[in-house]
Amino acid sequence: MDDKEITIEELEQLMLTNGKQYDVTKVLAAYQFAAKAHEGQFRSSGQPYIIHPLAVAKSLLELGMDTDSVCAALLHDVVEDTEATRQDIDKRFGTTVGMLVEGVTKLKKIPMFNKEQQQAENVRKMMLAMSQDIRVIIIKLCDRLHNMRTLQFRPPHKQRSTADETMHIYVPLANRLGIRAVKDELEDLSFFYLDDFAYSEIEQILQMNRDQRESFISSIKEQILERLKDVPLEKTPEIFGRVKSHYSIYRKIFLQQKEYEEIYDKYAVRVIVSTVQECYAVLGIIHEMYRPLPNRFKDYISTPKSNMYQSLHTTVLGREGIPFEVQIRTWDMHQTAEYGIAAHWKYKEGVTHEDRMDQRLSWIRQALEQQQSSDDVEEILNIIKSDIAPEDIYVMTPKGKTISLPIGATAIDFAYRIHTEIGHKTIGARADGRIVPLEYELQTGQIVEILTSKDPEKGPNRAWLDIAKTNEAKSKIRSWFKRERREENIVTGKSVLEKEFKRSRIRLTEEQLIEFLADDLKRHNCQTLDDFYASIGYGGIVISKLLPRWKDLYHRHYCINENEPEEQPIIKPVRHTSTPIILDDISDCAVKFAQCCNPLPGDEIIGFITRGHGISVHTVGCTNYRSVLARSNPEELERWVEIQWTDSSDTAMQTNIEVVAHDRVGLVYDISAILTEARIPIMHSSSHILRNGNAVFDASIRIVNKSQLTAVFESIRKIKGVISVERAKR
Ligand code: MN
């Protein structure tokens with residue numbers, strides 16, 4: 001975890017020794033450019049800032065990455081943190097380096113911290129989808145690695161959140177790409193900060209400090225190497241030793257509930273030789289040198305694992321009495337083992353995945369190591385993209401929550417995904433700060449912001465049904481129309497039905513109509529005829545589908561005489577004159593007070609001459625009346641007539657009232673008392689509590705005229721706690 005000072009000389013040394021062709025001059029130029037740009041900047045550790053890009057570049061060299069990646073690593077923070085621009089980098093180091101730097105800068109803007117697994121998965125997918133070049137992700141991983149190595153200089157809360165993010169996003173990402181060394185180290189560092197108690201417990205279990213463990217390993221390496229000198233081998237064998245990571249031991253002990261004693265492979269030494277024969281020869285020598293533990297020998301050379309992994313495994317007891325595992329394999333086998341990483345993760349973490357994916361991931365890893373041309377890199381990335389996110393896009397809310405939507409999804413889909421109410425209130429959208437039309441197709445990586453209306457009445461537009469891509473949004477839009485536009489839907493539905501009936505020459509009285517439609521009402525879950533009209537209005541019931549059956553039904557049971565003449569209005573005293581009809585004059589014909597507005601004597605009213613059902617009376621302010629009027633043709637307009645109440649219009653009329661009040665004991669009693677005192681019959685009443693804690697008292701009462709109602713309202717308003725009292729619309 002210590003961060004030794006890294007120098008450019010060290011990088012030069014690595015470039016010369018790691019067996020690849022590097023453009024050292026270009027790397028040095030990138031270093032100088034970065035050093036100058038970051039001049040005067042410091043890390044939290046107090047070290048000059050340039051240490052950080054140098055460390056990232058070093059990790060990339062250790063992974064065997066190419067010149068452009070190393071240059072981009074050195075320059076990865078300059079666009080973000082200094083005066084330098086993408087153009088500067090393009091000009092000096094070429095567009096590839098420029099693109100890599102920009103890619104890393106772009107990824108920094110993805111807010112990633114989130115514990116929820118689903119969110120973490122989306123962020124990983126988004127990172128993969130957003131980076132045009134897979135090297136961007138690898139640079140990002142090395143960037144995170146150095147930040148984790150120097151996390152002790154950050155404040156404690158930052159340490160936790162960074163470690164958490166690393167564990168949930170970067171570790172699985174490194175794992176998925178098969179960069180095992182980086183994955184293991186990130187995992188252990190995160191583990192240290194996330195659960196220092198368990199970490200120190202493991203540390204204690206291991207009993208030795210890091211240096212001692214390393215010296216134990218290196219002494220074994222020396223012992224084996226020394227002994228193999230006498231053996232005629234094709235080439236000097238390579239021996240690697242490692243301590244199993246803290247986290248893998250933690251996982252075994254705490255998650256797999258194993259006793260520490262059961263874990264023999266805390267230390268592992270890997271011997272790599274040239275041929276299969278040499279593998280067995282070396283095995284014999286190891287067993288000669290150290291006492292093998294029983295039942296710990298496995299021959300994966302004669303019986304390879306299903307993922308093609310081949311190796312000899314044995315566990316032996318070291319001279320200090322410490323057991324350790326030895327793996328013996330050829331270089332070819334070693335390649336397969338390292339590149340077949342997906343399979344490795346499969347059995348280690350119990351994650352199942354398709355083999356096709358495994359093969360592709362190992363190929364990605366190989367292609368990276370072999371320094372493919374940029375064409376190949378692009379192809380690899382396309383494969384990752386199509387494997388991982390075949391038909392999804394990933395966008396973010398301004399707060400950094402990742403939302404996944406199908407390709408082609410629009411701002412409307414996004415809005416409804418965030419919240420139904422936000423969807424309904426949408427008036428516009430911004431993508432990456434730019435206003436976009438609602439039908440704009442969102443792109444992965446965009447930060448999307450929905451502009452909403454403050455108008456509580458604001459609802460969706462029917463045209464959105466064509467814009468929305470997701471069924472989720474569509475069904476939410478439909479149900480809004482179903483719920484919020486009930487009155488409008490009833491009027492629309494009713495007029496549609498009437499028109500269709502007229503065209504089909506279906507003529508029914510109101511009583512007949514209810515009977516006629518009874519089955520349909522039941523079938524569509526409608527309690528009342530209005531419910532049925534409303535369903536027609538919002539499009540839930542399509543009349544054209546029902547008409548054939550209706551016609552049949554009508555002709556079999558209702559139609560008495562096909563040639564019956566057009567029915568005449570039965571209302572005799574109708575006068576289409578400027579003199580209003582006095583209600584009393586027509587009291588001998590059927591007068592129906594519309595349920596939508598419950599007109600009361602004193603209200604300004606208007607009448608509609610129905611065909612065969614008398615006059616239906618609405619208040620002038622009635623929304624139903626207004627919308628029907630708006631869509632009436634000249635012939636229908638003629639049927640609207642002025643009506644007036646007579647002075648003697650004192651037949652009690654039913655109306656509904658709604659009282660809203662701060663809830664308190666005795667409220668309902670007080671309201672009832674006032675109504676009783678005014679001798680107003682209560683036909684029906686109910687009360688309930690609103691979500692905001694206020695009480696609502698609804699009542700159907702019989703009122704003689706408007707002035708009586710006004711007086712009663714006055715009295716009710718004086719009751720303690722009453723906020724409002726109104727005539728309720730139905
Ligand atoms: Mn950085």
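All ligand and atom numbering here is 1-based and tracks the order in the structure.
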Can you tell me if Gln327 and Glu325 form a side-chain donor-acceptor pair at under 3.5 Å?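 There is such a pair between these side chains.
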Asp164 and Ser161: side chain donor to acceptor below 3.5 Å: no
Partners passing ring pair (Phe, Tyr, Trp, His ring centres under 6.0 Å) against His52 (at least two apart in sequence or in another chain):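 Listed in chain order: Tyr49, His76, His146.
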For the backbone of Thr166 and the side chain of Ser190, can you confirm whether one donor and one acceptor N or O come within less than 3.5 Å of each other?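 Judged by distance alone, no pair lies under 3.5 Å.
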For Arg86, does the CZ atom have more than 12 heavy-atom neighbours from other residues, nucleotides or ligands under 6.0 Å away? yes
Between Phe93 and Phe33, is the ring centroid distance below 6.0 Å? yes
For a distance under 2.8 Å, give residue and atom name for each protein N, O or S atom next to the Mn ion (ligand 1). His52 NE2, His76 NE2, Asp77 OD2, Asp143 OD1
